[in-house]
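Report on one structure; see the data block that follows.
Just so you know, residue 1 is the first one in the sequence shown, and it goes up from there.
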Amino acid sequence: MAPPTKDRDLPYHLIHIHLLPRLPYKTLNRFKCVSKSFNSLITADAQFAADQVRSAHASSGCFVYMSNCRLSFFPYPAFVGVPDPSLGFLNPSSTVKLVTSTNGLLLLCGKFNGEKSICVCNPATREAAFVSNNGREKSYRSEMGLVYDPRQSPHRFIIVELLLHNYGYGLQYRFDVFLSDTSEWNRSRQTVCIDGSIVAASKPVCANGVIYWSCSKCLMWYDTEADLAGSITLPVIEGKVVEGQTHTGVYDGDVVYCRTWDDGIEVWRLTGGSRWDRLHGACWDSMIGAFDFCHGMRLRGKSQSEMFFKRWLPQPVGFDGRFVYFKVVNLKCRDKRERVFGWDCDKGSVEDKGEVTGGWCPDNVFNYVNSMARVPPIL
């Protein structure tokens, strides 16, 4: 329903769909005082929370990782404005691990209030729901995925935990599913076998109700609504899988896959859940001039791209529709400082986004968007 006339100096759709959802947290929080209708819209409207996710850009969306027991953000941490990055409102009593991030909610694992638990929280609103161990046979693992859609199911979240077994020449996975609206764990009948894999699934991300895990040369997926599971082969070049550094994330509701290897960098999008479309690509030769923060760096030889990749080991950590962000460290230099660079896919230029602080693992970097979504209670 449209707000009263006094809130409509500008057209409703312009304010509530195109302007407010794009504001950073601190600015948006001030608008709650404008009127009761603004307050209700910002704090209690599931559609508005969905618009925030869909409209995320540089001022309201970014990437999140855990560093020194605090939430850290890039590339523009000042715009995020999370009130308590140390998560003190959760009363953690041990090291907290960030497992994944979905539509403004974080899935954390650790001890809270002295009890080992899973926590689903919104760091912007400082709301949380806890799922205790309740005597389950195994400890919670870091491969859990989180499903939450403020538009389709604002009153429910779903957690999916992987059960890993060795078999023959590969790994076998099963799925335990927790529904917040029933407060029950149930085991899915689905089983996925990844042949020839010795690397366990990692980096869970969610798109359109489906959770995806990185599994070496493929993505494993589980559809929470249909109770179906399977795997998708990663993009290939010239008929073979290219070895390199990879990142799996979500942009504009779709899974995106970024890869760096000795020839360059590229971005792919998963379309229709089964087809990979190449969005962007470039070779390192066009970017080498931007990497000059170690004076000992000199490139000579026939293949500058290959020498650059081996020396700097660029690793992709995120894609926001315009920039591919990647971490670099000079392996031949005594100063092992890590920095984040952004490759502008439209202009073809490279920008230095700053030095990485606190140590991190790129596999634990996730898309994050400021959202005022309420955390669904566990019934």
| request: Apply ring pair (Phe, Tyr, Trp, His ring centres under 6.0 Å) to W221 and list each qualifying residue two or more places apart in sequence or on a separate chain. | output: none
| request: May I have all residue pairs that pass salt bridge (charged side-chain N to carboxylate O under 4.0 Å, His left out) and include part of residues 365-374, sequence neighbours excluded? | output: E127-R374
| field | Listed partners of Y212 passing ring pair (Phe, Tyr, Trp, His ring centres under 6.0 Å), at least two apart | value | none
| field | Test item: N103 side-chain N/O and Y148 main-chain N/O as donor-acceptor pair under 3.5 Å | value | yes
| said: Has S188 got a side-chain atom pairing as donor or acceptor with F175's backbone, closer than 3.5 angstrom? | reply: no
| query | Mind checking whether F178 and F157 have side chains closer than 4.5 Å, heavy atoms only? | reply | yes
| Does L313 offer a backbone N or O that forms a donor-acceptor pair with the side chain of K327 under 3.5 Å? | no
| field | Qualifying residue, where the test is side-chain contact (heavy atoms from CB on, under 4.5 Å) with M144 and the options are V99, D176, V131 | value | V99
| request: Taking all non-hydrogen atoms of both residues into account, name the closest pair between E143 and W213 and its distance. | output: O-NE1, 2.6 Å
| field | ring-ring contact (aromatic ring centres under 6.0 Å, His included): pairs with one or both residues in residues 80-107, sequence neighbours excluded | value | none
| Is the backbone of A201 close enough, under 3.5 Å, to the side chain of Y173 for a donor and an acceptor to pair up by distance? | yes
| request: Can you label the angle between the F63 ring and the F74 ring as parallel, tilted or perpendicular, going by 30° and 60°? | output: parallel
| Flag side-chain contact, heavy atom, 4.5 Å: Y325 against V317 | yes
| said: Given 3.5 Å as the limit, does a donor-acceptor pair link the side chain of Q245 with the main chain of P314, or not? | reply: no
| Counterpart residues, side-chain hydrogen bond (donor to acceptor under 3.5 Å, both in side chains), relative to R275 (two or more places apart) | D277
| query | Which of parallel (below 30°), tilted (30 to 60°) and perpendicular (above 60°) describes F73 and Y368? | reply | tilted
| Polar side-chain atom of S101 near backbone of N367 as donor-acceptor pair, under 3.5 Å | yes
| CG of L234 to CG of L270: how many Å apart, nearest 0.5 Å? | 10.0 Å
| said: Side chains of T246 and S214, heavy atoms from C-beta outward: is any pair under 4.5 Å? | reply: no
| task | Would you indicate whether the side-chain heavy atoms of V324 and C345 approach each other to under 4.5 Å? | result | yes
| query | Got a donor-acceptor contact below 3.5 angstrom from the T224 side chain to the G209 backbone? | reply | yes
| task | Please check if the side chain of N122 supplies one atom and the backbone of V375 the other of a donor-acceptor pair under 3.5 Å. | result | no
| Taking only residues two or more places apart in sequence, or in another chain, which ones meet F130 in a ring pair (Phe, Tyr, Trp, His ring centres under 6.0 Å)? | F112
| said: Using a 3.5 Å distance criterion without hydrogens, assess whether the side chain of S371 forms a donor-acceptor pair with backbone atoms of V369. | reply: no
| query | Just by distance, do the side chain of W284 and the backbone of W261 share a donor-acceptor pair under 3.5 Å? | reply | yes
| said: Minimum heavy-atom separation for M66 and L108, please, with both atom names. | reply: CE-CD2, 4.2 Å
| task | Might you confirm whether atom NZ of K353 has over 12 heavy atoms from other residues, nucleotides or ligands at distances under 6.0 Å? | result | yes
